[in-house]
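To start, the structure under review is shown below, and the notes come after it.
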Amino acid sequence: MKAKVALGADHGGFALKEVIARYLAGKGYEVLDYGAKNAEPSDYPDFAGAVAAAVRDGEADRGILICGSGVGASIAANKFPGVRAAICHDTFSAHQGVEDDDMNVLCMGERIVGTELAKEIVDRFLAARFSGLERHVRRLGKIKKIEREYMKS
Ligand code: RB5
């Protein structure tokens with residue numbers, strides 16, 4: 001079964017989000033669109049928070065966030081324990097981030113990455129699976145320890 005993908009963007013990422021939403025729906029993914037609903041100025045933490053919560057709560061298998069640069073969205077999403085968000089503007093990071101680091105939210109900047117590259121990045125992100133190798137599990141365990149010590153859940 002295809003993954004459920006939560007999507008979110010502020011005005012800086014709205015146009016690319018619309019492209020990615022159509023692209024994923026066309027490939028048979030279930031797309032949960034958490035806004036923005038238009039390109040009017042908006043605040044990226046609102047959409048990053050909604051997508052991060054959906055991934056944390058298991059409503060979505062993966063999340064994709066788009067803002068102007070990807071920076072604000074990734075900062076906001078990573079405040080959620082259990083969310084591992086990263087900016088990827090290349091295909092290597094998009095799959096290795098999942099395989100090694102169990103990245104579950106992909107962040108991109110519409111002002112940085114072109115539409116066709118963004119589609120390929122999304123493809124590699126969604127096709128990738130965490131390797132489960134001991135060294136990566138160990139490192140993730142250390143991240144979880146940081147979350148327990150420094151974040152309220
Ligand atoms: C909005 O202008 C812009 O700051 C935002 O989309 C994002 O790039 C923040 O990191």
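Read the numbers this way: they start at 1 and go in the same order the structure lists the ligands and their atoms.
The shortest distance between side-chain heavy atoms of Leu65 and Leu7 does not fall below 4.5 Å.
For Lys4 and Asp61, the salt-bridge test fails: no basic side-chain N is under 4.0 Å from an acidic carboxylate O. Using a 4.0 Å cut-off between charged nitrogen and carboxylate oxygen, Arg139 and Asp101 do not count as a salt-bridge pair. With respect to Glu134 and Arg138, a salt bridge is recorded, a charged nitrogen being found less than 4.0 Å from a carboxylate O. Of the charged side-chain nitrogens involved, none lies within less than 4.0 Å of a carboxylate oxygen, so that Lys144 and Glu147 do not count as a salt-bridged pair.
Numbered from 1 in the order shown, with element, the atoms of ligand 1 that lie under 4.0 Å from a heavy atom of Cys67 read 6 (O), 7 (C), 8 (O), 9 (C), 10 (O). Atom numbering of ligand 1 starts at 1 in the shown order; those under 4.0 Å from a heavy atom of Tyr44 are 9 (C).
Follow the hydrophobic side-chain contacts under 4.5 Å out from Phe80 and you reach Leu32 in the same cluster.
The nearest heavy-atom contact from the protein to atom 3 (C) of ligand 1 is Arg111 NH1, 3.8 Å. Closest protein heavy atom to atom 1 (C) of ligand 1: His11 NE2, 3.5 Å. The protein atom (non-hydrogen) at minimum distance from atom 8 (O) of ligand 1 is Ser69 N, 2.9 Å.
Geometrically, ligand 1 and Gly68 share a nitrogen or oxygen pair separated by less than 3.5 Å. Taking distance alone, with nitrogen or oxygen atoms compared against 3.5 Å, Gly70 stays at or beyond that limit from ligand 1.
Among the candidates Val5, Val31, Val105, Val51, the single residue satisfying the side-chain contact (heavy atoms from CB on, under 4.5 Å) test with Ile64 is Val5.
Counting heavy atoms only, Asp10 comes closest to atom 6 (O) of ligand 1 of the residues Asp10, Ile75, Ile112.
For Glu110, the heavy-atom gap to ligand 1 stays at 4.0 angstrom or more.
For atom 10 (O) of ligand 1, the nearest protein heavy atom is under 4.0 Å away.
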